[in-house]
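As structure tokens, the structure follows; a few thoughts come after it.
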Amino acid sequence: MNTDFVIYNTLSRKKEVFKPLFEGKVGLYICGPTVYSNSHLGHARPNITFDLLFRYLTFLGYKVRYVRNITDVGHLEDEVEGSGEDKISKKARLEQLEPMEVVQKYMNSFHHNMGQLNVLPPGIEPRASGHIIEQQLMIETILKNGFGYENNGSVYFDVEKYNQLYKYGKLSGRNLDDLKTNTRELEGQSEKKNPFDFALWKKASPEHIMRWPSKWGEGFPGWHLECSAMSTKYLGEQFDIHGGGMDLIFPHHECEIAQSTASLGHETVRYWMHNNMITIDGQKMARSLGNFITLQELFTGKHKLLKQAYTPMTIRFFILQAHYRSTIDFSNEALLASEKGLERLMNAGKTLDELSASEKSTVDIPLLKEKCFAALSDDLNSPIAIAHLFDGVRIINSVKAGTEKISADDMTELKSFFHSVVFDILGLKQEQTTHLGESEILKGTVELLIRLRQEAKANKDWATSDKIRNELNSIGIEMKDTKYGVDWKIKAPPGLPEGEECASNKKENFMFGR
RNA sequence: GGUCUCUUGGCCGAGUGGCUAGGCAGCGGUCUGCAAAACCGUGAACGGCGGUUCGAAUCCGCCAGAGACCUCCA
């Protein structure tokens, strides 16, 4: 493979050939979650996108230092003086928990969900709360360099001053004049020189429970500082790639650039990558908009918008079927299409192991492979790569059917290619179909019925065998004869109103016979 | 209001100045006692109006619609 790996750099708004700072090594920093509630479908997107990036870089032979932070200090909900309260402490009050208990709970839940989605853990997962000193030191440097000012126990970044030497707004394509006219004036911003200045350190009000001592008084770090401090600590004063959601471009990443530049005198990030949003009815899915579906809800089907449960791999495949810089619109139809498509892809993987080789190939495996990797190297074009995989699926099935032939060498090549792309790079996996909550009694009963039906079939007693299948179907158990045996699953029980909690689509691929 | 992006067949989604995206659904077939599944094959699209061009869905302009950011957000 000689193709260059090209990535879209938000900073230049162009695709650029990726050249790491140090030969063979990549420093990668991803903005992780703020852990104050369960992860939703929207969170799956950056994590899967950058998991794909990490996996692909690794596949290309790079040694990747992969850092993804956990925000556990809490960003301010608003800046209204006196009522400033961060998300984590607010949640803590509601749930009567220690802030760190909340953090732990949702961090665990996040890790669990990521594991289900087969998202690989980063090499370093630093927490903002564990890097207060680093953040304070950075503030001191920024103050020393003249880009910040202290007022009433809080420290702010002086954007105007910064803009005189550097350009504030280069990542998001803004200029300060526009910001001056368009930044909303919020109440109680009298501490700031300008409304677009942002906090580096914020004085904690008496009721604020997350607080640390500092030379400016008790308080907590500003919202953007942790990423600047921690990325520098673990990846150095300059590193290759920084990723995150598009909604973080402004102000979060813009502020990061300003902070890093103000303290170091130069920028730290070489390539900025941003994933687009998941939409629902055409609108961004977000916690603040209340239109989100948690991953847990998706996996269990317990949400009023869900017609059924979707497995983690279906979600992963759904996300990979769109390019990361496009929006994807959520719908049951789209997810169902992904579920079916994924099944087809995975079945082909199994079929691949059953193929027999011929003298010569009638199919072009090297070309397939080349096209697929070209797509991945073109700014991680996973939908195109998947389209080529489906060409591979057709080849596999056609060879199986005898309408195409494949040589032994090509078959080895195809197997290795298929395995690399599907499992190692796209990070898909064969899902263990489990019986979520289904009782052993039910399982035993269905197995008994299957056995009775097999016997009826053996006797060509079609009346009985159809009766068993049809009546099970009418009470909500679907039975299918496959070439490997009998496949059954519980489908949505009839008569349940839309959105009612039900054990729909708990897939049970119990293979009976053979 | 400012900045930016998008508008593709029934649905989801790629891509491109002339050459099949792909998946799902539909349709036709193979297989099967039947059904389903599986597999093979297949029709169908580029918001509207102008312009540039031998040729535009792809480039430019205008219009319409949708969205993102401008406050926390993945």
Side-chain angles (χ1 to χ4, degrees), chain A residues 13 30-34 36 39-50 71 74-79 86-87 169 172-175 177-184 186 195-196 223 243-252 254 274-279 281-289 292 317-318 321-323 325-345 347-348 351 371 375 378 381-391 393-394 396-398 400-401 403 457 460-462 465-466 469-470 473 478-484 487:
Chain A
R13 300 180 184 236
I30 305 299
C31 281
T34 305
Y36 68 98
S39 308
H40 61 74
L41 180 58
H43 294 108
R45 175 93 114 140
N47 286 291
I48 289 171
T49 297
F50 295 112
T71 297
H75 294 165
L76 277 185
E77 291 255 280
D78 58 55
E79 295 182 320
D86 76 41
K87 283 180 173 167
S172 56
R174 271 156 234 259
N175 63 64
D177 291 337
D178 290 344
L179 285 170
K180 280 177 180 168
T181 53
N182 290 312
T183 301
R184 209 159 43 155
L186 295 168
F196 43 76
W223 333 290
M246 270 186 187
D247 49 353
L248 297 179
I249 294 175
F250 191 90
H252 185 57
E254 202 69 76
H274 294 95
N275 63 277
N276 214 320
M277 303 290 109
I278 290 184
T279 59
D281 288 328
Q283 197 187 30
K284 173 184 165 184
M285 183 181 284
R287 278 198 279 230
S288 53
L289 295 170
F292 62 94
F317 192 61
F318 169 68
Q321 271 187 301
H323 187 256
R325 286 191 287 114
S326 302
T327 55
I328 333 176
D329 200 52
F330 160 87
S331 69
N332 280 283
E333 291 70 23
L335 282 175
L336 202 58
S338 292
E339 181 183 278
K340 294 274 187 71
L342 176 63
E343 200 173 349
R344 183 147 174 260
L345 185 65
N347 284 342
T351 306
K371 282 176 164 175
D378 181 14
N381 200 327
S382 54
I384 293 287
I386 289 170
H388 291 307
L389 281 179
F390 276 110
D391 288 340
V393 168
R394 186 160 298 110
I396 291 166
N397 289 329
S398 299
K400 175 80 176 171
T403 52
K457 281 179 70 172
K460 295 202 190 301
D461 179 3
W462 311 126
S465 77
D466 287 357
R469 185 180 63 202
N470 295 340
N473 192 56
E478 193 175 71
M479 191 179 281
K480 291 180 295 194
D481 294 340
T482 75
K483 52 188 168 181
Y484 303 112
D487 194 3

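Values below: every heavy atom of this structure, side chains too, minus hydrogens, waters and symmetry copies. Order of the sequence lines sets the chain letters (A, B, ...), proteins ahead of strands, with each chain counted from 1.
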Nearest-angstrom distance from the residue atom [atom1] of [X] to [atom2] of [N]:
X: A:Ile249; N: B:rA68; atom1: CD1; atom2: C1'; result: 9 Å
X: A:Phe292; N: B:rC73; atom1: CZ; atom2: C1'; result: 12 Å
X: A:Phe390; N: B:rA21; atom1: CZ; atom2: P; result: 17 Å
X: A:Phe317; N: B:rC24; atom1: CZ; atom2: C1'; result: 11 Å
X: A:Lys371; N: B:rA21; atom1: NZ; atom2: C1'; result: 10 Å
X: A:Leu342; N: B:rG22; atom1: CG; atom2: C1'; result: 14 Å
X: A:Arg394; N: B:rA38; atom1: CZ; atom2: C1'; result: 14 Å
X: A:Leu179; N: B:rU3; atom1: CG; atom2: P; result: 12 Å

Handout entry: Sub-4.5 Å side-chain heavy-atom contact between A:Trp223 and A:His252
Key = no
Practice task
Would you check if A:Met277 and A:Met246 make a side-chain contact, meaning some heavy-atom pair closer than 4.5 Å?
Solution key: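 Counting from C-beta outward, A:Met277 and A:Met246 do come under 4.5 Å.
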Pairwise [atom1] distance for [N] and [M], with rounding to whole Å:
N: B:rG41; M: B:rG17; atom1: P; value: 29 Å
N: B:rG43; M: B:rU20; atom1: P; value: 11 Å
N: B:rU42; M: B:rA25; atom1: C1'; value: 14 Å
N: B:rA45; M: B:rG10; atom1: C1'; value: 11 Å
N: B:rA37; M: B:rG50; atom1: P; value: 47 Å
N: B:rC59; M: B:rU7; atom1: P; value: 10 Å
N: B:rU5; M: B:rC60; atom1: P; value: 11 Å
N: B:rC24; M: B:rG33; atom1: C1'; value: 30 Å

For the side chain of [X] and the backbone of [Y], is there at least one donor-acceptor N/O pair under 3.5 Å apart?
X: A:Ser382; Y: A:Gln321; value: no
X: A:Thr403; Y: A:Ser398; value: yes
X: A:His388; Y: A:Ala385; value: no

Problem - Side-chain donor/acceptor of A:Lys284 to base of B:rC73, under 3.5 Å - result: yes
Handout entry: Separation between NZ of A:Lys400 and OG1 of A:Thr351, rounded to the nearest 0.5 Å
Key =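 So the gap between those two atoms works out to 6.5 Å.
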Completion exercise
Here the gap from A:Phe317 atom CZ to A:Ile386 atom CD1, rounded to the nearest 0.5 Å, amounts to 4.5 Å
Completion exercise
Readout for nucleotides 9-15 of chain B: B = base within 4.0 Å of protein heavy atom, S = sugar-phosphate only, - = neither; 5' to 3' it is --SSSSS
Exercise for the section: Please test A:Glu339 against A:Leu336 for side-chain contact (heavy atoms from CB on, under 4.5 Å), starting from the C-alpha separation and ending with a verdict. Expected result: CA-CA 5 Å; A:Glu339 181 183 278; A:Leu336 202 58; 3.8 Å; yes
Under-3.5 Å N/O pairs linking protein and nucleotides 30-33 of chain B:
from: B:rG33; atom 1: O6; to: A:Ser465; atom 2: OG; distance (Å): 3.3
from: B:rG33; atom 1: N1; to: A:Asp466; atom 2: OD1; distance (Å): 2.9
from: B:rG33; atom 1: N2; to: A:Asp466; atom 2: OD2; distance (Å): 2.7

Handout entry: Charged tip of A:Arg287 within 45° of A:Tyr36 ring normal and under 6.0 Å
Key =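 Here A:Arg287 passes the 6.0 Å and 45° test against A:Tyr36.
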Practice task
Under 4.0 Å between any heavy atoms, over every strand shown, what does A:Asn397 touch: base, sugar-phosphate, or nothing? Just pick one.
Solution key: sugar-phosphate
Exercise for the section: Describe the nucleic acid contact of A:Gly42 in one word from base, sugar-phosphate, nothing, applying a heavy-atom distance below 4.0 Å. Expected result: base
Side chain of [X] only, heavy atoms from C-beta on: which candidate in [options] is closest?
X: A:Leu248; options: B:rU3, B:rA74, B:rC70; answer: B:rA74
X: A:Pro251; options: B:rG23, B:rC4, B:rC70; answer: B:rC70
X: A:Gln283; options: B:rG22, B:rG67, B:rG2; answer: B:rG67

Return no unless some side-chain N or O of [X] is found under 4.0 Å from OP1 or OP2 of [N].
X: A:Arg13; N: B:rU5; value: no
X: A:Lys340; N: B:rA25; value: yes
X: A:Thr34; N: B:rA74; value: yes
X: A:Asn347; N: B:rA38; value: no
X: A:Arg174; N: B:rC70; value: no

Practice task
Taking Watson-Crick and G-U wobble pairs with both distances under 3.5 Å, convert RNA chain B into its dot-bracket string, 5' to 3', dots for unpaired and | for cross-strand pairs.
Solution key: (((((((..(((.....[...))).(((((.......)))))....(((((..]....))))))))))))....
Practice task
Can you spot which of A:Lys284, A:His43, A:Met285 makes a side-chain contact (heavy atoms from CB on, under 4.5 Å) with A:Phe292?
Solution key: A:Met285
Problem - Closest non-hydrogen atom pair, A:Pro46 against A:Asn275 - result: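 Where A:Pro46 meets A:Asn275 most closely, the heavy atoms are CB-OD1, 3.3 Å.
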Problem - Audit row: A:Ile384, A:His323, side-chain contact (heavy atoms from CB on, under 4.5 Å) steps and yes/no - result: CA-CA 9 Å; A:Ile384 293 287; A:His323 187 256; over 6 Å; no
Exercise for the section: Evaluate the criterion side-chain contact (heavy atoms from CB on, under 4.5 Å) for residue pair A:Lys371 and A:Asp391; output intermediate values, then yes/no. Expected result: CA-CA 11 Å; A:Lys371 282 176 164 175; A:Asp391 288 340; 5.6 Å; no
Handout entry: Check: A:Asn470/A:Asn473 side-chain N/O donor and acceptor closer than 3.5 Å
Key = no
